Amino acid sequence: MPGLTRQEAETYLYYAMEIGEAMLLCGAEVGRVEDSIRRICMAYGARRVDVFTITSSIVTTVYGDEFLSCTQTRRVSSMKNNLSMLGDLNRLSREICEWRLSPEEIAARLKVIQSVPGYPFSVQVMLYAVISAAFCVFFGGSWEDMLVSAAIGVCLKLAESFLQKGSSNPLLIALLCAAAGGLLSNLAVSAGPGDSADSISIGNIMLLIPGMAFTNSIRDIFSKDMITGLVRFVEAVVLAIAIALGFTFANFL
Amino acid sequence: MRELLQLLTACIGALGFALLYNTRGVNALLAAVGGFLGWAAFLGARRLWGPNDYIGGFAASVMLTVYAECMARIRKTPVTVFLVSGAIPLVPGASLYRAMKYLTAGNGQMFREQSAYALLFAASMSAGIMVTTIVFRLCWSFIAKDVREKKRRI
């Protein structure tokens with residue numbers, strides 16, 4: 001296979017980074033992101049590829065025979081869990097390695113993958129209600145509690161999307177949502193329809209707790225991505241404590 | 001009755017989270033089955049080895065991880081898709097809430113009890129995921145090598 005020219009290396013590295021960044025945004029483990037970028041660059045004939053990824057940044061250097069090296073970096077700011085897009089991106093990167101798609105093809109495929117819409121807002125609101133109802137019963141709540149918990153779940157989704165317009169700090173949003181949830185559950189119990197504020201809140205708390213970040217952090221740690229694993233782990237624990245505190249603070253009001 | 005209810009709600013909860021994480025179609029249903037299997041293993045372990053929640057949590061995450069790794073290979077999608085939503089019922093949200101409640105109420109004794117439970121449960125669940133992933137990948141690499149060699153001989 002002929003070696004890469006500098007121009008080609010820069011183009012392919014750019015698309016490899018696009019895919020890697022999109023994967024990280026969807027909630028992929030760091031190992032998967034690094035592996036995908038390395039495989040894509042190697043498939044196009046790089047001599048050596050060094051990738052370093054943490055939650056907020058990707059750095060890749062490609063080495064080739066006709067040029068010395070080529071480096072690109074990305075700053076990755078936010079995370080939104082999107083597992084179906086992650087699956088699509090994973091499939092795309094496999095196909096790139098197998099068929100060595102042209103840059104235009106990769107760009108077109110990426111555009112298609114990223115334009116798939118998520119579930120509409122109304123469905124998400126319903127999911128919040130169903131999840132809090134399910135976990136309220138799961139942890140031993142009564143049927144009345146289940147209904148109240150579902151109603152508060154709807155309120156939480158509305159509050160969350162409202163707060164997200166004003167602030168991008170997930171810790172603050174979670175704390176405010178949790179406090180609102182705690183307040184509403186206490187109100188529901190004192191006004192009549194709920195049995196136990198604890199059962200209602202436990203149903204709601206499961207909505208906000210970062211289960212995905214927690215599971216991913218464990219997998220990052222054991223696959224030796226210590227920095228990312230620890231960062232995600234601490235993030236998840238701090239968030240979980242903030243949420244639980246938010247729910248209980250409402251008991252004082 | 002309570003156990004059946006828990007199994008059903010674990011399944012619904014896992015399905016809800018799978019959809020919230022934008023999983024689609026068959027994969028979302030398979031993720032819900034993961035939540036069901038994990039909690040079934042938890043209840044089964046408690047029947048077999050007595051009421052020890054930590055062993056239950058370990059057994060549940062072992063079961064879930066084996067299921068998720070198998071499904072990932074069958075469906076050719078990242079393991080995360082099945083693992084993350086299935087693990088949601090195993091997150092100790094209730095004891096975390098109670099721990100914080102006792103902390104703000106100034107009940108140190110109960111706070112220590114509940115937070116220790118939450119921590120240990122999370123730890124046993126993570127231990128289950130780690131151990132199973134390592135062992136499963138090791139076994140899989142042997143199987144995969146075996147298959148490749150057979151193909152070459154043919």
Side-chain angles (χ1 to χ4, degrees), chain A residues 23 26-29 32 80-87 90-91 94 116 118-119 123-124 127-140 198-199 201-203 205-212 214-219 221-223 237 240-241 243-249 251-252, chain B residues 2 5-25 27-28 31 39 61 75-105 115 118-119 122 125-127 129-131 133-134:
Chain A
M23 277 182 159
C26 293
E29 323 91 276
R32 179 181 303 282
K80 47 182 195 301
N81 303 323
N82 187 338
L83 293 177
S84 80
M85 195 191 281
L86 175 60
N90 199 49
R91 205 166 307 121
R94 273 165 195 260
V116 175
Y119 288 106
V123 174
Q124 288 186 23
L127 283 175
Y128 264 55
V130 170
I131 291 171
S132 34
F135 282 114
C136 181
V137 176
F138 184 80
F139 287 113
D198 286 355
S199 304
S201 289
I202 288 170
I205 215 171
M206 293 301 281
L207 279 175
L208 301 171
I209 275 184
M212 179 149 174
F214 182 70
T215 326
N216 265 346
S217 73
I218 295 163
R219 304 180 60 220
I221 288 175
F222 103 84
S223 53
V237 168
I241 291 175
I243 289 162
L245 268 179
F247 270 103
T248 50
F249 268 143
N251 294 341
F252 289 109
Chain B
R2 166 145 175 73
L5 211 57
Q6 277 199 324
L7 283 173
L8 181 71
T9 48
C11 197
I12 296 173
L15 178 65
F17 264 97
L19 294 176
L20 211 56
Y21 292 149
N22 206 14
T23 317
R24 278 161 196 281
N27 285 353
W39 199 253
S61 60
R75 303 279 308 162
K76 292 201 168 44
T77 27
V79 191
T80 320
V81 175
F82 305 104
L83 192 64
V84 168
S85 326
I88 295 285
L90 303 175
V91 174
S95 46
L96 191 70
Y97 170 79
R98 286 195 200 102
M100 288 300 144
K101 191 182 134 193
Y102 292 127
L103 177 69
T104 47
S115 51
L119 266 178
M125 169 201 152
S126 351
I129 295 181
M130 287 190 201
V131 170
T133 310
I134 296 170

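Everything numeric here is computed off the predicted structure, so don't read it as measured data. Naming: A, B, ... by sequence-line order, numbering from 1 per chain.
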Worked verdict on A/V137 versus B/L5 for side chain to side chain contact (heavy atoms under 4.5 Å, CB included): CA-CA 8 Å; A/V137 176; B/L5 211 57; 3.6 Å; yes
Counting only non-hydrogen atoms closer than 4.5 Å, does B/R98 touch chain A with its backbone (N, CA, C, O), its side chain (CB onward), both, or neither? side chain
Does the side chain of A/F138 come within less than 4.5 Å of B/I12's, by heavy atoms? no
Does the side chain of A/R219 come within less than 4.5 Å of B/T80's, by heavy atoms? yes
Using the side chain to side chain contact (heavy atoms under 4.5 Å, CB included) definition, which of the options A/I243, A/I202, A/L245 pairs with B/Y97? A/I202
Quick one: CZ on A/F247 to OG1 on B/T104, what's the gap to the nearest 0.5 Å? 13.0 Å
Do B/V91 and A/M206 come within less than 4.5 Å of each other through their side chains, counting heavy atoms only? yes
Taking the side chain as everything from C-beta on, heavy atoms only, tell me whether B/Y21 gets closer than 4.5 Å to A/S84. no
Need one label for B/A94: side chain, backbone, both or neither, based on atoms under 4.5 Å from any heavy atom in chain A. both
Heaviest contributor of heavy-atom pairs below 4.5 Å to chain B, chosen from A/I131, A/T215, A/I209, is A/I131
Do B/K101 and A/D198 meet the salt-bridge criterion of a basic N to acidic O distance under 4.0 Å? yes
Among B/L90, B/L7, B/T23, B/L15, the residue with the most heavy-atom pairs under 4.5 Å to chain A is B/T23
Min side-chain heavy-atom separation B/L96-A/I205 under 4.5 Å: no
Rounded to the nearest 0.5 Å, what separates atom CG in B/L19 from atom CD in A/Q124? 10.0 Å
How close do B/M100 and A/A244 get, heavy atom to heavy atom, and via which atoms? CG-CB, 3.1 Å
Taking the side chain as every heavy atom from C-beta outward, state whether A/N90 and B/T77 have any atom pair closer than 4.5 Å. no
From CA spacing to verdict: side chain to side chain contact (heavy atoms under 4.5 Å, CB included), A/F135, B/I88: CA-CA 10 Å; A/F135 282 114; B/I88 295 285; 3.6 Å; yes
Is there side-chain contact between A/L83 and B/V81, with heavy atoms separated by less than 4.5 Å? yes
Please state whether the side chain, the backbone, both or neither of A/R94 comes within less than 4.5 Å of a heavy atom of chain B. neither
Do B/S126 side-chain atoms and A/I218 backbone N/O form a donor-acceptor pair below 3.5 Å? no
Would you check if A/Y119 and B/L20 make a side-chain contact, meaning some heavy-atom pair closer than 4.5 Å? no
Contact part of A/F139 toward chain B, heavy-atom cut-off under 4.5 Å: side chain, backbone, both or neither? both
Residue pair B/G13 / A/A134: nearest heavy atoms and the distance that separates them: N-CB, 4.0 Å
